Number of protein chains: 2
Amino acid sequence: MHDPFVAFETELDRAHGLEDRLDAAQAALAAYGFTSMIYDYTPVPFAHDGELITPSLLKLRNIEANMADLWCRGGYYQIDPVQLVAAKSATPFVWSYAQPEGSALGRVMAPRHAPVVSYLKDTRMTCGVTVPIHLSGGDFATFTGIRIDPEGDFGAALRQHLAAISLIGHIFHGAVYPDFDPRIRTCQHVKLTAKEIECLRLTAQGLTAKQIAHKLDRAVGTINLHLTLAIKKLGAKNRVQAIARAAHYRLLDGAC
Amino acid sequence: MHDPFVAFETELDRAHGLEDRLDAAQAALAAYGFTSMIYDYTPVPFAHDGELITPSLLKLRNIEANMADLWCRGGYYQIDPVQLVAAKSATPFVWSYAQPEGSALGRVMAPRHAPVVSYLKDTRMTCGVTVPIHLSGGDFATFTGIRIDPEGDFGAALRQHLAAISLIGHIFHGAVYPDFDPRIRTCQHVKLTAKEIECLRLTAQGLTAKQIAHKLDRAVGTINLHLTLAIKKLGAKNRVQAIARAAHYRLLDGAC
DNA sequence: GGCAAAGCTAGCAAATTTACTAGGGGGTGG
DNA sequence: CCACCCCCTAGTAAATTTGCTAGCTTTGCC
């Protein structure tokens, strides 16, 4: 029996680069009746204040050109209720803005989400499947299939495909993730200099500023200033809180 | 068309408690030819030194009685290569000890894993599917179907069911997770007292020992001692490293 | 009921951090 | 080519942390 997932994996192996693989994923979704696709990746889903962080990678297929701008620069990502559900759950889910009542989406929707809901209704992308992909390092991706102008019962029909779309999403992510460059993989929510990050990591490993100064062959004053500037950029009150936030933003590269 | 996943969800809704739901999941797996099931959950998959942490919940169905003891108290969990692959990946996968070559399992297997491999061969549980479930909080579960005495081509046949088993695993976890009690959800790798944790959390929020003393109406010496003891238990060199490790073990409850 | 262990209480000297100060060099844009 | 901004360099007084000290209370077990 021909396995569609093996065929998809073969397609992904043959594709060269992210854009080709996105096209392959789009074709795989089309076989299930989807017209559009969204894939995004973020090293850290939430800021320390609980706000969703704009992803470092957002890719669209067959979607209005202004969506990327609204989501990445217009603040729409932070008020996207589907993204909120995905960030807090690990289970793939069908969503519909036409009939959100009784669903996970319906439970999180609030007035602040209205601009996103309006936009998706205007562009007739009111129905889809989202696969949350939480990764072992705390990073996070979503893989979404959307149907433009869905028929009345398309949402119900989607449930038949949830298992397949979920696996396609995981296979796709597994294929593209190894090629992400360091800028995509690193949280840009707070921008620290290389010296600031280096000093934070050594501090998280238990070295005092004096020990770091000796290790890096620099004056203690220099190390203290790097740490102080990092504390300020992280909005922390002191060095300890800065380390807690740096850990949250996964800037420590596992150092502890 | 009858949706087996909706039927499974209904079954889980009707079940009372974790054990009943495990039975329901076992029955769902049996429909795909599996004979046995494993589900486990851990608030933190890895210790700060990279070693796998024994899960706070491990449930087995139709598996040798001594497996729980070997895995939870005998150190086998730490040398289980399937668990290592699952902890580092998010994609569900088929595994076979009969023919591990060329698979993710084969790439991680090393001599230190031999006791686990021997045990699974002795108990004829050499083939299965594992669904890693990484959660948004950093916690982690696995859902595994196993076939005892698999026929020669069972591994290949399993690929047909990977999508279905993956969704079943996610649905099952989603059904049981809300009822986990705090002891299961809290990392027990390092045991700190309530006062130690309280002082660590307040420290991570940027309060000095003096400020904490004022807030808790205690002497500074008292706060300092709680923090010092926590530092020792975490094996840290100082307060900053203790916070980095507490964050790693998710003892801070998001505090930063 | 008694004993031991664990947890919480608190003080102090030495070491470290915090929060300010200031200058030089490199890169980018006009 | 020059000016401005950013990053890296470094010093110091006041505040805080570290790492030890010791005693009291509570809890659990025999």
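Predicted, not measured: the structure shown is a model, and the values here were computed from it.
Contacts of B:N238 with the nucleic acid, taken as non-hydrogen atoms under 4.0 Å apart, involve only primed sugar atoms and P, OP1 or OP2. Looking at heavy-atom distances under 4.0 Å, A:K232 makes no contact with the nucleic acid at all.
Atom CG of B:L207 and atom P of D:dA15 are 18 Å apart (whole Å). Between the CG atom of B:N224 and the P atom of D:dT21 there is a distance of 16 Å, given to the nearest Å. A straight line from NE2 of A:H214 to P of C:dT16 spans 13 Å, rounded to a whole angstrom. Regarding A:I243, its CD1 atom lies at a distance of 15 Å from the P atom of D:dT17, rounded to whole Å. Going from atom CG of A:D217 over to atom P of D:dA10 covers 8 Å, rounded to whole Å. If you measure from atom CD1 of B:I231 to atom P of D:dT17, you get 10 Å, rounded to the nearest angstrom. When the P atom of D:dT18 is taken as reference, atom CG of B:L200 falls 11 Å away, rounded to whole Å. The CD atom of B:Q241 sits 17 Å away from the P atom of D:dT17 (whole-angstrom rounding).
Among C:dT16, D:dG11, C:dT18, the nucleotide with an atom closest to any side-chain atom of A:T208 is C:dT16.
Scanning for salt bridge (Lys or Arg N to Asp or Glu O under 4.0 Å) contacts around A:D23 gives A:R61, with sequence neighbours left out. With sequence neighbours excluded, the residues forming a ring-ring contact (aromatic ring centres under 6.0 Å, His included) with A:H134 are A:F140, listed by chain and number.
A distance of 12.0 Å separates OG1 in B:T222 from CD1 in B:I212, rounded to the nearest 0.5 Å.
Remark: the backbone N or O of B:F46 is paired with a side-chain donor or acceptor of B:H248 at under 3.5 angstrom. When atom types are taken as modelled, the side chain of B:T35 and the backbone of B:I148 share a donor-acceptor pair closer than 3.5 angstrom.
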For nucleotides 6-8 of chain D, print each protein N/O atom paired with a nucleotide N/O atom at under 3.5 Å, atom names and distance only.
from  : atom 1 : to     : atom 2 : distance (Å)
D:dC8 : OP2    : A:T193 : OG1    : 2.9

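Side-chain polar atoms of A:N66 and A:Y119 form a donor-acceptor pair below 3.5 angstrom.
Residue B:I223 is the one, among B:I223 and A:T203, whose nearest nucleotide of DNA chain C lies closer to the 5' end (criterion: closest heavy atom).
Aromatic ring orientation, B:Y41 versus B:H173: parallel (interplanar angle below 30°, classes split at 30° and 60°).
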